[in-house]
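Keep in mind that the numbers below use all heavy atoms, side chains included, and drop hydrogens, waters and symmetry copies. A note on names: the letters A, B, ... follow the listed sequences, proteins ahead of strands, and every chain is numbered from 1. Just so we're clear, the structure is a prediction, and the values are computed from it rather than from any experiment.
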Amino acid sequence: MRRLAGIAAAALAAAWIVCAHAEDTVKIGLVNEATGPNAEAGVYTHNGAKLALAEINAAGGVLGKKLELKLEDNQSTNPGTVLAFSKLFGEGGIVAIIGPIRSTQIQAASPTVAKAGIPTMIGGTDPSLTKVNNRWVFRARPNDSYSSRVIADFGVNTLKKQKWAIIHSTDAFGSGGMNALTTALKDLGVTPVLVQGYTNNSQDFTPVVLAIKKSGADVIGSYMTNSPDVGIFAKQLRQLGVTAEWVGSPSVVTDTAMKLAGPALHGVYGIADFTPDATPESKAYAKKYRDTYKLDPDVYSSWAYDALRVLALAINTAKSTDPEAIRKAIVSIKGWKGVEGNYNFDENGDGLRGYNVVKNEAGKVSFIKHIDFKD
Amino acid sequence: MEFITENLQILFTGLGLGSIYALVALGFVLIIRATNVVNFAQGDFAMLGGYAMVLFFTGLGWPYWIAFIGALLAMAVFGVLFNYGVYYPLRHRSFLPVLISTLGASIFLQNTVLYVAGPQPKPLDKLLNFDGITLGGVFLDSQYIVILVATVALVFFTFLFFEKTLLGKKLQATSQDKDMARLLGIPVALMIAITFIYSAVLGGIAGVLVGPILFVSIGMGSIIALKAFAATIIGGFGDVKGAIVGGLLLGVIESLAAQHISVPYKDAYAFLALFLFLLFRPQGIFGEKVSEKA
């Protein structure tokens, strides 16, 4: 009798363990800028990921379990990013990670990711990030070789401008973009009249503006990283009487940059991987985001929203949390409609190949056209 | 001709930014003289002033001037709190604990504001109702004009205050020799509290003035403070004149070098200047007074 009770107790205990295991979650890490100078963007990224999380879990989660986000702050710095990744990998049980949106941070953490061999979605758009012998990074945004081709194509073929000034931040994102834009323009037979870099958090852009003036450029192509820099540059540009057209990387049409710069950014074209009005998917997402957060959605949130849904889709398709199986499932995603566009992942891990061109019309972003490339 | 207007344009913005460095450096120097300690939260005084202005003007919709005065009063109150919270409990310790205490206060302040106000930088209206004027091909931003005028006025006021009023003389006596001052019946703790208040208000003014140009953000103070600190060393550590001249010089040097040498290394020129001064004239431009004291 006593023996029987013992067996029953053991069985109960086993059942309890199984039960607890069933309540276990599938953990996805989010390495994000929660503090530091870019904490602004970090909030939006977290918002987007949380929205996707709620949706996925409402629809039954992945592999019958609930999905869980583990937020790790990277303090908006490169060392902080490496530390955050190491911490998540060290804890164990992390199935996949949504990494930062800054190229420079991903560059710093890339070896750590490659060593851990955990699928990592990234938002950084430096083209080289997916081509540095790292099979584990997947990009939920179009890379800068496309952004620059779209900027060049729009400026040269639609605006009919030939005298280009390229303004770029000297960080990995800005320099990568500058190189790509120079190449894209060269393919269209245009050599820029000015290429000018600046460091992030510049307080004064007078020398840059004077250089543009002197060059006689009639169109500016820009890769600027931080919103305050865009705001200061835009104001000084218009104050010193430069009237050239401006086609910029996504930072010129972010909500914050437009609020800071006010009229100085009116009439400026930007490219955006996310535009609320572009597709039915993006419209639905924009409504949901506005209803939830009372904020206008922008790229910082939409890419994370797509990234988490791509991961959930891949894990469900793979029917496993094995990194190799997830990788295979991600690169086989073709024609999946995200809010940023149609995802067709290639072997490198790039999912998107086109951008929307938008215009700041008196403080409101309006959709102009979508430019997509096949290769 | 174009060469001249270009350089005047550069000089103008250089002087404008230099003025902000000078104001923050002045705050540094006053506290160095009163307590022998570098206040690493000095830049955050500017940040707080900017946010107070955003709260009163943009948030609560007060008229600009009322909001400005409100922000300065708030900074004065904050100066008292800072004195009693960060400096006073450690006043009998060596300079290192106090220094680290101000460093801690800086991190605390930035993260508190981040938590309360959120991470988005805030725009702020200019003091004057027009963007600026163009004079002989040079665009003069109205806010930079305000900054220059305000800096001259504040420097003049500070000079009068310290040299011509009894309170100012008591403050000077305190900074020169605390024991002697105490023997003469000067309430030293109160004098130091007043120094913190004045320094917080100065920082606050710098923040409100520069807000329309650099926008009000969590990190605005750190960027300015680093340059302002370099300015205090270039001018002569702990020297009031030095802080002003050092700040203006730094602003002009970095702008001119950015224009004529290379833009991406703009921040490097300020610190290159600092480096050269430390090598060849470590006491700074007006350094004699400090060596006398030593």
Colleague: Sequence neighbours left out, what passes ring-ring contact (aromatic ring centres under 6.0 Å, His included) with B:F56? Give chain and number order.
Modeller: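 Only B:W62 meet the ring-ring contact (aromatic ring centres under 6.0 Å, His included) criterion with B:F56.
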Colleague: With a 4.5 angstrom heavy-atom cut-off, which part of B:L17 approaches chain A: side chain, backbone, both or neither?
Modeller: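 Contact with chain A is through the side chain of B:L17 alone.
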Colleague: Where do A:L260 and B:P121 come nearest, in terms of heavy atoms and distance?
Modeller: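 Scanning both residues, the minimum pair turns out to be CD2-O, 3.6 Å.
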Colleague: So for atom CZ, which belongs to B:F108, do other residues, nucleotides or ligands contribute more than 12 heavy atoms lying within a distance under 6.0 Å?
Modeller: no
Colleague: Specify the closest pair of heavy atoms between B:P119 and A:V43, including all atoms of both residues, with the distance to one decimal.
Modeller: CG-CG2, 3.5 Å
Colleague: Please list, in residue-number order, every residue in residues 243-253 of chain B that has a heavy atom less than 4.5 Å from any heavy atom of chain A; write 'none' if there are none.
Modeller: none
Colleague: With B:F139, which residues qualify under ring-ring contact (aromatic ring centres under 6.0 Å, His included), at least two apart?
Modeller: none
Colleague: Every donor-acceptor pair from chain B to chain A under 3.5 Å, please, each on its own line.
Modeller:
unit_1, atom_1, unit_2, atom_2, d
B:E6, OE1, A:K214, NZ, 3.4
B:T13, OG1, A:T206, OG1, 3.4
B:Q120, NE2, A:Y44, OH, 3.0
B:D131, OD1, A:Q239, NE2, 3.4
B:D141, OD2, A:Q239, NE2, 2.8

Colleague: Which heavy atom of A:A34 sits nearest a heavy atom of B:L114, and at what distance?
Modeller: O-CD2, 4.3 Å
Colleague: Please report the closest heavy-atom contact between A:I232 and B:I213, naming both atoms and the distance.
Modeller: CG1-O, 3.4 Å
